[in-house]
*Asks:* 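Right, I'll just put the structure down here and ask away after.
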Amino acid sequence: MSGELDGELSARLLRGLRIAQTVITLVILFGLTLPNLLAAVAAYHPAWAAPVGWALLVAVAAVDALLVARHCFWGRARAPVALGVLALAVTMPLALDPAELGGPAQGTLGVVGWIWVLLFAGAPLRGLVALILGHLLIVLGLLVATGRTDRVTLVAFGITAVAVTSFQLAVALAGSALRAVARQAVEAAESEARARTAEEVARTVHADREARYAELRAVALPLLQGIGEGTLDPSDAQVQQAAARAAARLRRMFAEEGDADDALAAELAALIDIAERRGVVVRYSERGPRPVPPPDAAGALLASAEAALHAARAAARVTLAGVGGAVVVGVVTDGAARVPLPDVADVGTSTVEAGGATWVEARWAPRS
């Protein structure tokens, strides 16, 4: 429960960080970039380049705000939009008078990084860092190409670049850290849920085993005590039948303990229990490693075993075996069995009747 709460808290913090990033970007666009661009419209050729470029940046920020409201991210649209913003950040300085490069008139210098921070929310930071560094190198190249290499210009550019980009990267790193915390919280919640499920399954299995052992004790202990005290005659047919029934149940319980995840063996055990409640003494055995059949094949194997056990009058022998990579279910009963033809192509059955007994074998092998 604590992991789930941590995951929910981390998700809320991450969304709150995205909202804060959007607010910061919009404040910079409207409070800093717009006044500077309006004051320097005459320095752009053509003059409409400044307002159009600013409007495009506002449009990207507005779309991101809509995505944040809907708890969505940019996804596959991130890369083309980010490259479009980079193209805009390159073309706007080209339309600006060289004397204004690196100054307040170049409004994209301090804001495009925030646009990329919005775009790369929920994504690795490699792309964001590459775009910011690439943009700064392009601006530096424009300064060098236009002869703006004096110390004052370069120092001012360096201060602006370090101050702005460090803040942008710090906010992006905070988002990455929150995502890592959220992932860890989700993993912790899943691990806790698995542990609770495993504990519940273990508790249920233990209770089931205790119930079966209690049932076995109720049958076997009085039998053994009666034989030991001489009140029951081992040569009595009823005593022998009760002893055979208890021994068969004990062997089956040991076989079931061998593989708790074996659904086919568990279903066979249920069929045997039904037969034993009718008074049939069933001997059960497992041998050999075997593959796990698909549900339809397992159903066909069980249908053959069920028909054979239903025909048993007093005794039956059930074998579940792995033979040559195939799964074989064999049943020998003391009655005439009518085994339905399997409706699964990979399952084959054979029936042999002799001396009042019926031998039924159902076989499934995985396709090579």
Side-chain angles (χ1 to χ4, degrees), residues 204-224 237-323 326-340 342 344 347 349-353 356-364:
T204 302
V205 171
H206 177 71
D208 180 65
R209 289 173 180 169
E210 288 295 324
R212 285 186 293 168
Y213 290 147
E215 180 184 359
L216 184 61
R217 285 195 297 269
V219 174
L221 289 181
L223 185 65
L224 294 175
Q238 292 183 349
V239 174
Q240 292 177 356
Q241 186 180 27
R245 185 180 298 112
R249 185 171 297 179
L250 183 61
R251 283 194 300 270
R252 188 171 68 256
M253 289 174 63
F254 287 151
E256 290 172 1
E257 293 295 329
D259 189 356
D261 296 328
D262 194 334
L264 182 58
E267 293 293 335
L268 275 176
L271 294 177
I272 293 171
D273 283 336
I274 294 173
E276 287 182 335
R277 289 192 178 97
R278 294 191 294 108
V280 178
V281 176
V282 182
R283 297 181 180 179
Y284 177 75
S285 64
E286 293 185 31
R287 54 186 175 85
R290 60 185 186 278
V292 177
D296 56 347
L301 295 173
L302 290 169
S304 300
E306 182 180 14
L309 286 171
H310 182 72
R313 295 190 299 269
R317 185 171 69 250
V318 179
T319 304
L320 176 60
V323 180
V327 178
V328 178
V329 177
V331 181
V332 179
T333 72
D334 57 358
R338 295 183 179 180
V339 179
V344 179
V347 177
T349 61
S350 58
T351 303
V352 177
E353 295 184 7
T358 303
W359 174 70
V360 178
E361 180 185 275
R363 177 186 296 262
W364 170 83

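Quick note: numbers below take in every heavy atom, side chains included, and nothing from hydrogens, waters or symmetry partners. Every value quoted in this text rests on a predicted model; they were computed, and no experiment measured them.
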*Asks:* Nearest heavy-atom pair of L264 and P293: which atoms, and what distance?
*Replies:* CD2-CG, 4.2 Å

*Asks:* Which pair of heavy atoms, one from R313 and one from G356, lies closest together, and at what distance?
*Replies:* NH2-O, 4.4 Å

*Asks:* I need the minimum non-hydrogen distance between A265 and E286, along with the two atoms involved.
*Replies:* CB-OE2, 3.6 Å

*Asks:* If you apply the rule side-chain contact (heavy atoms from CB on, under 4.5 Å), what do you find for V323 with R363, and how did you get there?
*Replies:* CA-CA 9 Å; V323 180; R363 177 186 296 262; 4.3 Å; yes

*Asks:* Mind listing the closest non-hydrogen atom pair of S304 and T349 along with its distance?
*Replies:* OG-CG2, 3.3 Å

*Asks:* If you define the side chain from C-beta out and look only at heavy atoms, does anything of V329 sit under 4.5 Å from W364?
*Replies:* no

*Asks:* Hey, does T358 have a side-chain heavy atom less than 4.5 Å from the side chain of V360?
*Replies:* yes

*Asks:* Any chance you could measure R277, atom CZ, to I272, atom CD1, to the nearest 0.5 Å?
*Replies:* 12.0 Å

*Asks:* Would you say CZ of R287 has more than 12 non-hydrogen atoms from neighbouring residues, nucleotides or ligands within 6.0 angstrom?
*Replies:* no

*Asks:* Taking the side chain as every heavy atom from C-beta outward, state whether L309 and V331 have any atom pair closer than 4.5 Å.
*Replies:* yes

*Asks:* Is the closest side-chain heavy-atom distance between L301 and E267 below 4.5 Å?
*Replies:* no

*Asks:* How close do P291 and V327 get, heavy atom to heavy atom, and via which atoms?
*Replies:* O-CG2, 3.3 Å

*Asks:* State the CD1-NE2 distance between I274 and H310, to the nearest 0.5 angstrom.
*Replies:* 11.0 Å

